[in-house]
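Residue numbers begin at 1 in each chain, while the letters A, B, ... track the order of the sequences. The analysis underlying the following values was restricted to heavy atoms, covering all of them including side chains, and did not include hydrogens, waters or symmetry mates. Quick caveat: nothing in here was measured; it's all calculated off a predicted structure.
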Amino acid sequence: MGFLRDCTIIFMTSQRKQFPFPEFESRWQARWLEEGAFRCPNPGDPDFEASKPKYYVLDMFPYPSGDGLHVGHVEGYTATDIIARSKRMQGFNVLHPMGWDAFGLPAEQYAIRTGRHPRETTNRNIANFRSQLQSLGFSYDWSREISTTHPEYFRWTQWIFLQLYNSWYNPDSRKAEPISTYTGSDPDSVRLAYVAEVPVNWCPELGTVLENEEVVDGKSEVGGFAVERRPLRQWMLRITAYSDRLLEGLSALDWPEGVKLLQRNWIGRSEGASVRFQVSNSEFEIEVFTTRPDTLFGATYMVLSPEHPLVAKITTSQQSEEVLNYQKKVSSKSDLERTELSKEKTGVFTGACAVNPANGEKVPVWIADYVLLSYGTGAIMAVPAHDERDFEFAKAFGLPIREVVRKDPAYTGGTPVPPDVPQATCFSGEGVAVNSGFLDGMSTGEAKGAMIGFLEEQGCGLKTVTTKLRDWLFSRQRYWGEPFPIIWEEGRHRPLAEHELPVIQPEMVDFKPTGTSEPPLAKAIEWVAYSETARRETNTMPQWAGSCWYYLRFCDSRLETRFVGEEAEKYWMSSEGLGGVDLYVGGTEHAVLHLLYARFWHKVLFDLGHVSSPEPFRKLVNQGMILGPDGQKMSKSRGNVVTPEHVISEYGADSLRLYEMFMGPLEQMKPWSMKGVEGVYRFLARVWRLAMKENQEGQWEISPDLCDEAPTASQLRVLHATIKKVTDDFEAMAFNTAIAQLMVGTNEFVNASPRPVESLRILLPLLSPLAPHLCEELWGILGTTFAGFEGHASKAPWPTHDPGILEVEEIELIIQINGKLKDKLRVGKSLAENEVLALAMALPKIQEAVSGKTIHKTILVPGKLVNLVVK
RNA sequence: CGGCUCGUGGUGGAAUGGCAGACACAGAAGACUUAAAAUCUUCUGGGGGAAACCCCGUGCGGGUUCGAGUCCCGCCGAGCCGACCA
């Protein structure tokens with residue numbers, strides 16, 4: 001038994017591959033690394049070629065996790081590598097870098113469990129990721145490799161934080177300016193980086209603050225303990241100052257419309273009015289925001305968020321017990337419960353009333369958890385007839401519902417409408433104002449303007465714009481992140497000087513949470529003590545920080561004197577129009593946060609004159625997810641993970657790359673299939689055998705079928721059609737159809753004998769960005785015998801097609817009757833229209849089809865078709 | 001509940017508004033081989049026909065158009081995202 005099984009294993013593993021990729025792939029990879037084959041010089045470097053245009057193609061750099069890469073992760077990297085390689089061949093200076101977004105929770109959690117420093121885990125994972133990527137033959141300029149965890153990198157992350165800290169957004173110039181230009185009394189109140197008390201996720205059981213990612217369904221991911229919100233002093237970034245510019249900037253970007261929409265919705269700009277309601281018998285006012293000031297006459301009650309500070313002040317003594325109970329109930333609900341129970345509206349009356357400024361009516365003030373403290377003013381005027389949520393609430397608590405907007409656009413006012421009738425439905429659209437005093441008869445648009453005018457005149461309201469976007473909570477209670485370059489002294493913060501950077505985390509052995517809301521760095525007593533009176537900030541920055549500007553560092557990643565060299569930044573980041581990275585490829589999971597944060601930082605740096613383009617990423621492409629062979633998302637727990645190592649050992653890196661691109665459109669989600677890999681593997685073997693033949697001894701030698709004679713006219717036409725199709729498809733990133741055409745081009749020559757070597761002079765450079773190892777190898781071998789294979793396939797000039805060769809003398813027209821195909825007709829290219837028509841009419845099938853019928857119309861699309869409309 | 005994306009053979013997919021199914025996978029038959037693997041050749045949307053060929057067909061129902069897989073409206077289904085945003 002044992003013997004048999006061993007034999008089988010030996011047989012399987014030593015099975016001869018269809019072409020010797022195991023040998024040549026690793027050989028070329030080693031050589032590319034040794035020679036620094038894809039190092040790309042900067043302006044000022046001795047080998048820099050200023051005459052070439054530039055192209056900056058960027059991947060979203062990975063978080064080097066302990067699990068390593070699976071085949072889904074490398075799809076985007078393969079696509080950018082093909083673009084990088086083909087652009088290089090087309091004469092561009094190509095910047096194609098790779099690095100590591102290596103701060104993050106898993107390394108810290110591992111450190112807490114084992115006591116090993118997170119740096120160890122991180123470095124080990126980086127080494128693994130690097131070798132995985134190198135085993136795919138990606139043409140990165142490894143001399144520019146960066147890690148966000150490296151002090152020489154994060155000193156500049158800290159430096160950029162200081163730029164934010166030391167500047168403010170001037171609403172008049174609509175840009176960031178040095179804080180010294182601020183003339184107000186309290187500069188700390190306008191800095192782009194500021195301190196505020198905001199709620200964080202606090203888990204009493206674990207004695208630690210948790211990241212949002214560590215909280216699942218209101219419970220800690222580890223242990224499943226309850227998590228509550230607790231206010232804590234935090235660093236914030238004033239991204240809301242940029243909401244208009246972040247919104248406006250989107251339209252010019254060559255990004256998927258879906259991503260732009262996500263960002264627009266995330267920013268959530270809405271125009272309306274803020275309205276102040278006087279609370280009856282008190283000095284308090286309730287300010288609300290509404291997008292529908294035209295419905296103010298229909299506001300029959302008000303709602304405050306349960307957490308609203310006014311609640312305690314206005315609640316009457318009779319109602320206070322009920323209000324306190326409700327507040328308690330709400331605060332113990334997790335976010336999930338609060339949204340899950342959204343169908344059932346709850347709330348209590350405060351006992352207070354407010355005055356509707358439009359009609360002077362007294363309306364009751366309620367509290368309810370369907371009003372959120374974090375949006376608008378945390379209070380609303382409720383118009384139940386024209387807002388679904390208010391409608392449901394009013395029905396539940398028997399509050400009056402007054403119609404103030406008529407759906408019927410023909411209604412022009414005049415007809416009396418009975419007020420305060422309970423209605424079956426709620427109308428939230430636009431129409432004509434009714435029951436609304438001076439607004440009656442106006443369209444919703446007119447009424448909005450008229451009401452805002454009235455409110456501003458009365459001094460109890462203003463035209464206002466609100467956004468959903470909140471300021472960015474920028475501090476984390478973690479060890480493994482960038483420390484802040486900030487010192488606290490006598491309760492006040494101040495920045496460190498530039499020469500004091502980088503601020504490096506102290507060496508620690510105990511990474512456990514402190515058990516209080518203090519970050520772990522607080523335990524490093526000596527490090528914290530900056531001087532006798534001053535202490536260091538102990539929070540660290542979130543993982544987003546490093547990824548907000550890494551694309552800039554890649555332009556000049558070894559520079560020690562500046563975050564990026566001015567000349568290098570200008571060269572790589574500017575181009576006609578917007579400028580920025582020419583192509584950025586990554587997953588949709590970063591559609592909002594990373595891309596919005598990076599745009600924000602970039603705009604600040606732009607305002608302060610540190611970068612030359614207003615936007616960081618000119619063109620963005622999202623690759624689709626690759627699913628497991630079972631059509632499910634790849635995951636360890638499902639056991640459907642396919643690793644690059646597995647595919648490479650069986651079929652080679654070129655097959656893996658080619659299959660990833662052949663599966664379907666890049667942006668689309670698609671399932672993995674090993675049978676599909678075999679298909680492209682067979683194709684690569686056919687390309688190999690185009691050039692090579694196995695002799696009696698089992699050695700590969702140049703095929704005796706190859707000859708240096710000219711291809712036939714039809715072979716030449718296929719070759720040039722392939723050049724055109726592959727060139728166009730690469731430009732459109734339609735790699736699957738480019739590969740299909742390369743298969744057509746190859747199949748044309750598979751059985752040709754003699755076989756013109758010109759086929760390989762053209763096909764190998766076209767295939768080289770997709771399957772670089774194979775092409776490099778064959779190019780080298782053919783160069784020993786044939787002319788035209790000088791140098792390397794990866795540096796070969798990109799073939800250009802001759803339109804003359806693609807022109808044909810005869811074209812095939814399709815002949816339709818009433819738009820349906822009936823026959824085909826071959827005619828001379830330049831035959832006159834009437835002659836074409838005459839020939840078409842003469843076809844027996846057409847004769848038959850039109851006999852006894854009248855031809856009403858004739859459509860003739862030159863070079864394409866004839867369509868006869870008959871009856 | 002809302003938004004976005006997408007529905008094409010047994011499968012992945014192709015098709016500037018103009019021949020639906022390129023290119024592959026799987027399947028069938030054949031060639032080579034002692035045999036297998038590999039390779040090569042042919043067939044492969046459905047129905048009818050001996051064949052030439054004919055009819056039907058891109059989730060469903062309408063519309064625009066000489067002509068719709070493609071554009072517009074409504075529905076059904078799948079996936080992703082956001083969720084009481086005033």
Assigned glycosidic conformation for B:G9 [threshold 90° from 0]: syn
Here the distance between atom P of B:A86 and atom CG of A:L372, to the nearest Å, is 11 Å
Name the one of A:D728, A:T722, A:D729 that satisfies side-chain hydrogen bond (donor to acceptor under 3.5 Å, both in side chains) with A:K725? A:D729
Side chains of A:Y370 and A:E392: does their closest heavy-atom pair fall under 4.5 Å? no
Euclidean distance for C1', B:U8 against B:A15 (whole angstrom): 10 Å
Just call it for A:V869: base, sugar-phosphate, or nothing, with non-hydrogen atoms closer than 4.0 Å on any strand. sugar-phosphate
Integer angstrom distance from the P of B:G47 to that of B:U39: 31 Å
Using a heavy-atom cut-off of 4.0 Å across all strands, would you classify A:K824 as base, sugar-phosphate, or nothing? base
So for A:Q668 and B:G13, does any side-chain atom that can act as donor or acceptor lie under 3.5 Å from a complementary atom in the base? no
Should the ring pair A:F393 and A:F397 be called parallel, tilted or perpendicular, given that the plane angle runs from 0 to 90° and is split at 30 and 60? tilted
Answer with base, sugar-phosphate or nothing: what part of the nucleic acid does A:N867 contact at a heavy-atom distance below 4.0 Å? base
Under 3.5 Å, side-chain donor or acceptor atoms of residues 747-754 of chain A against the rest of the protein: list the pairs with distances, not counting sequence neighbours.
residue: A:N747; atom: OD1; partner: A:R686; partner atom: NE; Å: 3.1
residue: A:N747; atom: OD1; partner: A:R686; partner atom: NH2; Å: 3.4
residue: A:N747; atom: ND2; partner: A:M743; partner atom: O; Å: 3.2
residue: A:S753; atom: OG; partner: A:D705; partner atom: OD1; Å: 3.1

Sorted by position of nearest nucleotide on RNA chain B, 5' first, the leading residue of A:K822 and A:M743 is A:M743
With nearest nucleotides of RNA chain B determined for A:T467 and A:T588 from heavy-atom distances, which residue corresponds to the more 5′ nucleotide? A:T588
Looking across every strand, which nucleic acid part, if any, lies under 4.0 Å from A:F662 by heavy atom: base, sugar-phosphate, or nothing? base
Can you tell me if A:Q741 touches the phosphate of B:C23, counting only side-chain N or O atoms and a distance under 4.0 Å to OP1 or OP2? no
